[in-house]
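Report on the following structure.
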Amino acid sequence: MSLVNETTQWQALQAHWDAMKDVRMQDLFAADRRRAQSMTLEAAGLHLDYSKNLVTPETLDKLIDLAKAVDLEGWIRRMFEGEPINSTERRAVLHIALRNRSNRPILVDGQDVMPEVNKVLARMESFVGRVRSGEWTGHTGERITDVVNIGIGGSNLGPKMICAALAPYQSESLRVHFVSNVDGTHLVETVRHLDPARTLFIVASKTFTTQETMTNAASAREWLLAALGDSAAVARHFVAVSTNAEKVAAFGIDTANMFGFWDWVGGRYSLWSAIGLPIALAVGLDRFLELLEGAHAMDEHFRTADLHENMPALMGLIGLWYANFAGARTHAVLPYDQSLRFLPAYLQQGDMESNGKGVTREGVAVDYSTGPVVWGEPGTDGQHAFYQLIHQGTQMIPADFIGAIHSHNELGDHHPKFMANFFAQTEALMRGRTYDEALAEMLDAGMEEERARFLAHHRTFPGNRPTNSILMDRLTPHTLGALVAFYEHRIFTQGIVWGINSFDQWGVELGKKLANVILDEIRAGKVTGDHDASTRALLDHFIRRRKG
Ligand code: F6P
């Protein structure tokens, strides 16, 4: 199979970029009075304006031709039908089944997975109800007031991001905390103010072998037992979320207190499974189901909408336009919502672990760029930090602006001020400011001409910088579910066009393996492995200084 950049559709886009690269977005708006309307889409409670992109209807047609050439629609169908599209791990990719609120049968190896999905949801409902009502108590009969989720990667980032985003829906009487880093500081600082008798730990790990999580879980158990003194307490204070019942039992957690999921749920796509238990504990199962419903609505849009009106597919293709033809290397996610402060970090795993690949599904090295670096911070903090580079730096940084019409905290005129910045930034990024405009502004303000001419160079903005604007009425469980599913499918679209497997993550293996070798050497206090000179010297220094 040839690489996608050898197709005529790719080459047509290449030629089209040559024609587009000097086009000004403002001229496109001037030439088409309906551009903003025709480049706005509504789906699953999200309103997307993608008109501030360096694209024309012809660009979109050409991008869709490319998507058709790689059979994007066929791949979407194969994912939704449970085919093993994660070829290296020979697994289906079915996070969509976890939120399939229609209960349409989805078969894996001839078996409908929906009854099992619903069974785990029912167990979660019962457990969440008992903890939230106070019926489930700690070992000494105290009500649970604090839940600590111990997990890393997909077993942390999703639930942590969602819990922060849904803070307005959270119960006051149950606080949820997250410990991920194997740095002891993370656990120590988290439990420092907690009462062991009122704390419930969720050990969340798909494999139940992850070093960071297992180490934190063991230390958490020691912390609990040091206070409660009775190993029987573990059963009341530890539950597990995993696909590995054997390892859960070996750790000492009663498998009656384990919530399962399946190998067809990728770690970074798992917040919709029992990995979402901290979310359900924080906001209640009904709200968790609303989150699933929002994601399901976006799934249905992605599965059925024509590619010309398909929000995630179009956004994936436009992202690819910049990454592969305009030379963009990064993609900024800029939520104008403080509650979405962990969204960029969540999407870093979602996107970069999925599409940070250098070979095709067939194992052929690609010679075009794949996943961009994803990064961001909530506005307006970002504005006072890195927007300078987005406005006047030398690289193109496509950016998503995400905001709500109504805030959960309508405090004075904070929200109008906040959103005025959202709109102003997207406008400024597109419009820019010419040298003559900058000069005229300063001369009008009475500045001396020589100084104004000098400063105008610095006060010129190139503009023509692309943005997408995503608005929702309010950040609710439903709109949040739709937003996250939108990004998942955007990632899927790009992975399919690049011809890579977005669902494995071999790239995290090597470092893990070497860390185990090095850990043995640190424990033994002697460097014995076959290391390069730099690593050997660093290890020697570390071991010597720790002894000293
Ligand atoms: O970073 C690699 C990874 O395998 C992620 O894909 C995953 O989300 C994370 O580790 C945690 O894995 P587990 O849930 O098995 O502990």
Side-chain angles (χ1 to χ4, degrees), residues 85-95 98 120 148-163 178-183 186-187 201-221 238-251 253 255 258-279 342-358 370-371 373-374 484 487-488 491-492 495 500-516:
I85 61 170
N86 174 357
S87 51
T88 54
E89 296 179 308
R90 297 202 173 105
R91 289 174 184 165
V93 173
L94 278 181
H95 42 282
L98 301 167
V120 174
V148 180
N149 188 79
I150 298 179
I152 197 162
S155 302
N156 165 66
L157 290 164
K160 179 173 137 179
M161 180 272 287
I162 301 277
C163 284
F178 291 87
V179 172
S180 53
N181 202 327
V182 73
D183 182 346
H186 203 172
L187 180 65
F201 290 96
I202 302 174
V203 185
S205 174
K206 180 174 170 183
T207 54
F208 231 73
T209 57
T210 305
Q211 184 199 54
E212 292 87 339
T213 301
M214 292 304 107
T215 306
N216 278 324
S219 298
R221 185 173 53 190
F238 275 80
V239 298
V241 181
S242 186
T243 56
N244 193 339
E246 220 172 278
K247 295 268 184 206
V248 169
F251 180 84
I253 297 178
T255 47
M258 165 180 158
F259 299 85
F261 60 113
W262 307 273
D263 68 0
W264 41 259
V265 183
R268 53 192 173 274
Y269 298 93
S270 64
L271 73 88
W272 322 99
S273 70
I275 288 289
L277 190 61
I279 306 171
F342 297 129
L343 182 67
Y346 168 77
L347 290 176
Q348 281 178 333
Q349 187 198 16
D351 201 319
M352 292 160 78
E353 200 168 80
S354 296
N355 286 343
K357 309 286 164 64
T370 58
V373 173
V374 175
V484 177
Y487 275 107
E488 287 177 346
I491 293 165
F492 177 91
I500 57 180
N501 180 0
S502 302
F503 302 104
D504 57 14
Q505 55 285 318
W506 303 103
V508 295
E509 296 292 316
L510 182 60
K512 274 192 204 171
K513 207 167 148 211
L514 292 185
N516 283 330

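Whatever order the structure lists them in is the order used to number ligands and atoms, beginning at 1.
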**Asked** Do Leu157 and Phe342 have side chains that get closer than 4.5 Å, going by heavy atoms?
**Response** no
**Request:** Could you list which atoms of ligand 1 come closer than 4.0 Å to a heavy atom of Ile152?
**Result:** 9 (C), 11 (C)
**Asked** Of all heavy-atom pairs between Lys206 and Ser242, which one has the smallest distance, and what is that distance?
**Response** O-OG, 3.1 Å
**Request:** Heavy-atom contacts with Gly153 under 4.0 Å: which atoms of ligand 1 show up? List them by number with element.
**Result:** 8 (O)
**Item:** Close-contact set for ligand 1 against Thr210 heavy atoms, below 4.0 Å
**Value:** 12 (O), 13 (P), 15 (O), 16 (O)
**Asked** Who's closest to atom 7 (C) of ligand 1 heavy-atom-wise, of Gln349, Gln505, Lys206?
**Response** Gln349
**Prompt:** Looking only at protein heavy atoms, which one is nearest to atom 5 (C) of ligand 1, and how far off is it?
**Reply:** Glu353 OE1, 3.4 Å
**Request:** Could you say whether the N/O atoms of Lys512 and ligand 1 ever approach to under 3.5 Å?
**Result:** no
**Item:** Nearest-neighbour protein heavy atom for atom 15 (O) of ligand 1, which is reported as residue plus atom name and distance
**Value:** Thr207 OG1, 2.6 Å
**Complete:** of all protein heavy atoms, closest to atom 2 (C) of ligand 1 is Val508 CG2, 3.4 Å
**Prompt:** For ligand 1, which atoms sit closer than 4.0 Å to a heavy atom of Gly154?
**Reply:** 7 (C), 8 (O)
**Message:** Are the side chains of Val239 and Leu277 in contact, using a 4.5 Å heavy-atom criterion?
**Reply:** yes
**Request:** Evaluate side-chain contact (heavy atoms from CB on, under 4.5 Å) for Thr209 paired with Lys247, printing each intermediate quantity in order.
**Result:** CA-CA 8 Å; Thr209 57; Lys247 295 268 184 206; 3.8 Å; yes
**Asked** Is any heavy atom of the protein nearer than 4.0 Å to atom 12 (O) of ligand 1?
**Response** yes
**Request:** Measure the acute angle between the ring planes of Phe238 and Phe251, then classify it against the limits of 30° and 60° as parallel, tilted or perpendicular.
**Result:** tilted
**Item:** Side-chain heavy atoms of Ile162 within contact of Tyr346, under 4.5 Å
**Value:** no
**Message:** Can you confirm whether Glu509 is buried at CD, in the sense that more than 12 heavy atoms of other residues, nucleotides or ligands lie under 6.0 Å from that atom?
**Reply:** yes
